[in-house]
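Atoms within each ligand, like the ligands themselves, are counted from 1 in listed order. Owing to the predicted nature of the structure, the values given are computational and were not obtained by experimental measurement.
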Amino acid sequence: MTIEPQRSATEGEANTVQQITTSSTRASDATARVLTNYIGGEWIPSSALATAPTRNPATRETLALVPLSGQSDVAAAVHAAADAAEEWRATSPLARARALFVLRDRLAAHRHELSLLVTRNMGKTLEDARGEVERGIESVEHACAVATRLKGQNLEGVARDVDVELFRQPVGVVAAITPFNFPAMIPLWFLPYAIACGNTFILKPSERDPLPGERIVELIGSIDAIPAGVVNLVQGGHDAVNALLDEPLVDAISFVGSARTARHVYRRASESGKRVQALGGAKNAMVLMPDADPELVLKGVLGSAFGAAGQRCLAGSVAVLVGELEQQDLLRNRIAETAAQLRTGDGTDQATDVCPLIAPEDRLRVEAEIERAEAEGATIVLDGRQGGGAGGAELAPTVIEPRDIESAIAREEIFGPVLTLVRQPDLASAIAWINRGRYGNASSIFTSSGDAARQFRWGIQAGMVGVNIGVAAPVAWFPFAGWKSSFDGDLHANGDDAFEFYTRKKVVTTRWR
Ligand code: NAD
């Protein structure tokens, strides 16, 4: 049994780790390259004295040192973006779309290099990393539709000699703050739409794996049609984030990360009057109906729960077994037996199904959650806590049946390769149990009944829903975000919402006699 990637690459090409292994990425902590910020078209050293190492999760090799930029670095980036705003806004939508065509081609030409960089910096398997990069390219392709999407509305003759027109204009200077688990794709959920709509942009990638984001910005720097200051990059952690949230010249914030940080970002940015979309954490449940195709169930559930070691916002971390007790037992055993065969290891090894966690401290955190569940009387159906290769960051698939289905292991995000099993007698109780949870990112059902699928689609409280699909990731032409505690804001990422989020509407009422 191998794990399906979130989405496989569309093109195959031989890759070798050596392709992007440079002297700087091999360096030890002492000699590692210190990353710089990209401001107004120049790579500029951060004013920060403090740095944090970013490592290869599989080998713990230090790849670079990330400067923990502060307010003055953020202010410099914001001013560069503000200075470039008027000229960029005056560039025609068609010219901006053509700049994105070039970006699309640049990313496609570097797709294998970028995938390998994602694997080396974040840890996920190469197959998974390729899927991530393709998804990012897809957002750029969608953003190329900008000239069509920015068209306004009009209504002639609302009163004698009076006409009304609606125009869409850019919001201004916008920033994206992104998480570690999709270091290439998530910056591309925002950057192409933001600049397509005529905004100027600042990226603050996760300090844990900032290299794919840096490389994307480097590629942008080589595109003449995207002038200096339109795209900027600030490396750092909390201080850089808070400076962006407080900066009066920043008009909109796009955030993706944990629910707790999302709420912080939403509150603080709203306080200074910004437009905000803050995508948070998740606890996604998969309902397994007794009439489901067993092959689809196994493939879907294992891929969703253990792919990227459970470090996906769309990870199905709870399987809700519906039906007769004996049938539930059989399925539980099959899931555990098949999960036990998955291979944990370095993401660059083609035999690997389950990659390491981003860092050993994350393994310790997830282990502590397993121990807590055990202490609360849960049955550890499959225990992945042996070993701990990859410098202590690996954790093998773990399957848990809690005694209390309201406990943390069943209700809170663990963000590791841990699948929790919950039993319910029927579909209605399964939907009701899921809806009582505080998250609403995604949810899936496995069934061969159209009626059950429809009931589920109707009643489930989630922004993204799968039917016989374990990872229900919408393509870029549809909006991506959850409900309830998984999302703070109104307009989702991608889809039509992206063009809405990055534009303001102006309505002009005119009288000509
Ligand atoms: P995180 O919240 O720790 O970090 C995200 C970003 O916020 C980073 O850039 C980080 O520097 C910054 N940050 C973290 N804590 C902060 C604080 N206290 N103040 C200011 N800034 C802060 O998230 P993560 O661990 O990098 O990513 C994993 C989380 O992201 C999971 O919860 C996952 O579900 C979620 N996620 C959600 C989606 C979605 O679409 N809803 C997609 C991907 C990831």
Next item on the list: Would you check whether Asn181 has a nitrogen or oxygen atom less than 3.5 angstrom from a nitrogen or oxygen atom of ligand 1?
Entry: no

Notebook entry, point to check: For the residue pair Ser69 and Ser46, what are the closest heavy atoms and their distance?
Noted result: OG-OG, 3.1 Å

Next item on the list: Report yes or no: does Ile186 have a heavy atom closer than 4.0 Å to ligand 1?
Entry: yes

Item checked: Heavy-atom nearest neighbour of atom 35 (C) of ligand 1 within options Pro179, Pro210, Gly257 -> Gly257

Note to self: Quick one: does any side-chain atom of Arg363 pair with a main-chain N or O of Glu394 as donor and acceptor, under 3.5 Å?
What the structure shows: yes

Next item on the list: Return each pair, listed once, that meets salt bridge (charged side-chain N to carboxylate O under 4.0 Å, His left out) where at least one residue sits in residues 406-418; pairs must be two or more places apart or across chains.
Entry: Glu406-Arg411, Glu412-Arg438

Check: Is Lys274 close enough and on-axis enough to Tyr266, meaning under 6.0 Å and within 45°, for cation-pi?
Finding: no

Notebook entry, point to check: Please state which protein non-hydrogen atom is closest to atom 26 (O) of ligand 1 and give its distance, to 0.1 Å?
Noted result: Phe180 N, 3.1 Å

Margin query: I need the atoms of ligand 1 closer than 4.0 Å to a non-hydrogen atom of Phe480, numbered in the order shown.
Written below: 40 (O)

Check: Cys313 heavy atoms, cut-off 4.0 Å: which ligand 1 atoms fall inside?
Finding: 34 (O), 36 (N), 37 (C), 38 (C), 39 (C), 40 (O), 42 (C), 43 (C), 44 (C)

Notebook entry, point to check: Is the shortest distance from a Lys or Arg side-chain nitrogen in Arg135 or Glu132 to a carboxylate oxygen in the other one below 4.0 Å?
Noted result: no

Notebook entry, point to check: Applying a strict 4.0 Å limit to heavy atoms, is Gly280 in contact with ligand 1?
Noted result: yes

Notebook entry, point to check: Relative to atom 23 (O) of ligand 1, which among Ser206, Ser258, Ala278 owns the nearest non-hydrogen atom?
Noted result: Ser258

Check: Could you give the distance from CG (Asn441) to CG (Leu314), rounded to the nearest 0.5 Å?
Finding: 6.0 Å

Check: If you measure from each heavy atom of Trp189 to ligand 1, is any distance below 4.0 Å?
Finding: yes

Check: Going by the order shown, which atoms of ligand 1 are within less than 4.0 Å of some heavy atom of Glu413?
Finding: 31 (C), 32 (O), 33 (C), 34 (O)

Note to self: With heavy-atom distances below 4.0 Å as the criterion, list the atoms of ligand 1 near Thr261.
What the structure shows: 1 (P), 2 (O), 7 (O), 13 (N), 14 (C), 15 (N), 16 (C), 17 (C), 21 (N), 22 (C)

Check: Can you find an N/O atom of Asn242 closer than 3.5 Å to an N/O atom of ligand 1?
Finding: no

Checklist line | Partner residues of Thr200 under the side chain to side chain donor-acceptor pair (under 3.5 Å) criterion, sequence neighbours left out | finding: none

Check: Quick one: which ligand 1 atoms are inside 4.0 Å of a heavy atom on Val256?
Finding: 5 (C), 36 (N), 37 (C), 38 (C), 39 (C), 42 (C), 43 (C), 44 (C)

Item checked: ring pair (Phe, Tyr, Trp, His ring centres under 6.0 Å) partner of His492, the single match among Phe478, Trp189, Phe487 -> Phe487

Item checked: ligand 1 atoms in contact with Lys204 (distance to a heavy atom under 4.0 Å) -> 8 (C), 9 (O), 10 (C), 11 (O)

Margin query: Less than 4.0 angstrom from a charged side-chain N to a carboxylate O is my criterion; do Arg385 and Glu374 meet it?
Written below: yes

Item checked: Aromatic centroids of His142 and Tyr193 separated by under 6.0 Å -> yes

Margin query: Taking Glu207 first and then Lys204, would you say they form a salt bridge - that is, a charged N and a carboxylate O separated by under 4.0 Å?
Written below: yes

Next item on the list: Please identify which atoms of ligand 1 are closer than 4.0 Å to at least one heavy atom of Val241.
Entry: 12 (C), 20 (C), 21 (N)

Checklist line | Per-atom contacts of ligand 1 with Ile177, taking only distances under 4.0 Å to non-hydrogen atoms | finding: 6 (C), 7 (O), 9 (O)

Next item on the list: Report the nearest protein non-hydrogen atom to atom 8 (C) of ligand 1: residue, atom name, distance rounded to 0.1 Å.
Entry: Thr178 O, 3.4 Å

Notebook entry, point to check: With backbone taken as N, CA, C and O and side chain as the heavy atoms from C-beta onward, which portion of His264 lies under 4.0 Å from ligand 1: side chain, backbone, both, or neither?
Noted result: side chain

Note to self: Just to confirm my output: which protein heavy-atom neighbour is closest to atom 15 (N) of ligand 1, and how far is it?
What the structure shows: His238 NE2, 3.3 Å

Note to self: Tell me the contacting part of Arg312 for ligand 1: side chain, backbone, both, or neither, using a 4.0 Å heavy-atom threshold, strictly below.
What the structure shows: neither

Notebook entry, point to check: Is Arg312 salt-bridged to Asp128, cutoff N-O under 4.0 Å?
Noted result: yes

Next item on the list: Considering heavy atoms of the protein only, find what lies nearest to atom 11 (O) of ligand 1 and give residue, atom and distance to 0.1 Å.
Entry: Glu207 OE1, 2.7 Å

Margin query: salt bridge (charged side-chain N to carboxylate O under 4.0 Å, His left out), that's the test. Do Glu61 and Arg55 meet it? Break it down for me.
Written below: CA-CA 5 Å; Glu61 173 198 9; Arg55 299 203 163 94; over 6 Å; no

Next item on the list: Between Phe415, Phe182, Phe255, flag the one that comes closest to atom 28 (C) of ligand 1 by a heavy atom.
Entry: Phe415

